[in-house]
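Inspection log for the structure reproduced underneath, given as structure tokens.
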Amino acid sequence: IVSFRFDLENNGAYTSYSTNYFSFNAATGEIIKASDLLTTERLAWIKKLLIKERAKRIQKHTKENYPDFEDSTIMRETFAECNQEAEEDLLVIQKERILFYKGHCFPHAWMHLETDLAIPVRIKGNKKYFTPIGKKLLSIQ
């Protein structure tokens with residue numbers, strides 16, 4: 001596995017930052033997808049987990065940081081729409097976990113409303129949930 005992290009800086013009226021990740025199968029050069037790593041049943045579970053955990057983070061973020069935000073309805077609706085899809089193929093393989101990250105929910109001018117929606121899933125202890133290719137890529141015995 002070869003994984004890359006790109007820290008991006010965008011400049012306009014103000015500066016914003018983002019991070020993109022890519023994990024490749026070093027033998028084939030193909031981008032690794034969640035379906036390459038996880039069994040069908042586990043992939044369905046992961047999709048539900050990502051949406052559920054991100055919804056918790058969104059709720060906590062808005063409650064703690066924007067309790068009186070005047071456009072909170074717009075904020076809640078934007079986050080809800082953004083969280084409809086798990087985007088399980090936005091992943092990076094790290095030493096002991098798979099990090100499922102999320103693209104931006106808000107346009108550039110509203111990026112200050114964003115929160116971290118990256119959800120880590122431990123590799124160790126989940127051997128039975130990986131495909132044969134996934135086990136080989138992750139060096140799971």
Worksheet item: Given Val121 and Leu49, is the side chain to side chain contact (heavy atoms under 4.5 Å, CB included) satisfied, shown in steps?
Response: CA-CA 10 Å; Val121 175; Leu49 173 78; 4.2 Å; yes
Worksheet item: Would Thr131 and Asp36 count as a side chain to side chain contact (heavy atoms under 4.5 Å, CB included) if you check the C-alpha gap in whole Å, the side-chain angles of each, and the deciding distance to 0.1 Å?
Response: CA-CA 7 Å; Thr131 64; Asp36 297 331; 5.8 Å; no
Worksheet item: Checking side chain to side chain contact (heavy atoms under 4.5 Å, CB included) for the pair Lys102/Leu90: CA distance, chi angles, key distance, verdict?
Response: CA-CA 7 Å; Lys102 184 81 170 157; Leu90 295 180; 5.7 Å; no
Practice prompt. Assess whether side chain to side chain contact (heavy atoms under 4.5 Å, CB included) is satisfied between Arg57 and Arg54, documenting all intermediate values.
Written response: CA-CA 5 Å; Arg57 286 189 183 190; Arg54 288 175 178 151; 5.5 Å; no
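The distance from atom CD1 of Ile93 to atom OG of Ser23, rounded to the nearest 0.5 Å, is 4.5 Å. Ser18 contributes atom OG, which lies 4.0 Å from atom NE2 of His104 (distance to the nearest 0.5 angstrom). Between the CD atom in Glu30 and the CG atom in Asn25 there is a gap of 8.0 Å [rounded to 0.5 Å]. In this structure, CG in Leu91 is found 11.0 Å from CZ in Phe22, a value given to the nearest 0.5 Å. In this structure, the separation between NZ on Lys124 and CG on Leu138 is 14.5 Å, given to the nearest 0.5 Å. Note: Gln84 CD to Ile51 CD1 = 8.5 Å, rounded to the nearest 0.5 Å.
Under the rule for a side chain to side chain donor-acceptor pair (under 3.5 Å), Thr39 has no partner lying at least two apart in sequence or in another chain. By the side chain to side chain donor-acceptor pair (under 3.5 Å) test, Asp116 pairs with no residue at all, sequence neighbours left out. Annotation: side chain to side chain donor-acceptor pair (under 3.5 Å) contacts of Asn126 (sequence neighbours excluded): Arg42.
In this structure, Tyr17 stands alone, with no Ile, Leu, Val, Met, Phe, Trp or Tyr side-chain heavy atom under 4.5 Å from its own, directly or through other members.
Remark: Ile140 CD1 is packed, more than 12 non-hydrogen atoms of other residues, nucleotides or ligands lying under 6.0 Å away. Within a 6.0 Å radius of CD in Glu9, other residues, nucleotides and ligands contribute more than 12 heavy atoms. Open room surrounds NZ on Lys33; 12 or fewer heavy atoms of other groups in view lie less than 6.0 Å from it.
Phe24 and Ile1 fall into different hydrophobic clusters, where Ile, Leu, Val, Met, Phe, Trp and Tyr are joined by side-chain heavy atoms under 4.5 Å apart, directly or via other members. Hydrophobic clustering, with ILVMFWY side chains joined whenever heavy atoms are under 4.5 angstrom apart, keeps Leu50 apart from Ile58. Under the 4.5 Å side-chain contact rule for hydrophobic residues, Val2 and Val92 do not share a cluster. Cluster membership check: Ile32 shares its hydrophobic cluster with Ile133, using side-chain heavy-atom separations under 4.5 Å among Ile, Leu, Val, Met, Phe, Trp and Tyr.
In this structure, Glu114 contributes its side chain and Cys105 its backbone to a donor-acceptor pair below 3.5 Å. Of the possible donor and acceptor atoms, none in the side chain of Asp7 sits under 3.5 Å from a partner among the backbone N and O of Thr19. Of the possible donor and acceptor atoms, none in the side chain of Asn83 sits under 3.5 Å from a partner among the backbone N and O of Ala80. A distance-only check finds a donor-acceptor pair linking the side chain of Asn65 to the backbone of His61 [under 3.5 Å].
Nearest heavy atom pair, residue Ile123 against residue Ile98, reads CG1-CG1, 4.0 Å.
Each ring-ring contact (aromatic ring centres under 6.0 Å, His included) pair with one or both residues in residues 72-101, not counting sequence neighbours, appears once here: Tyr21-Tyr101, Phe79-Phe106. Annotation: ring-ring contact (aromatic ring centres under 6.0 Å, His included) contacts involving residues 120-141, sequence neighbours excluded, are absent.
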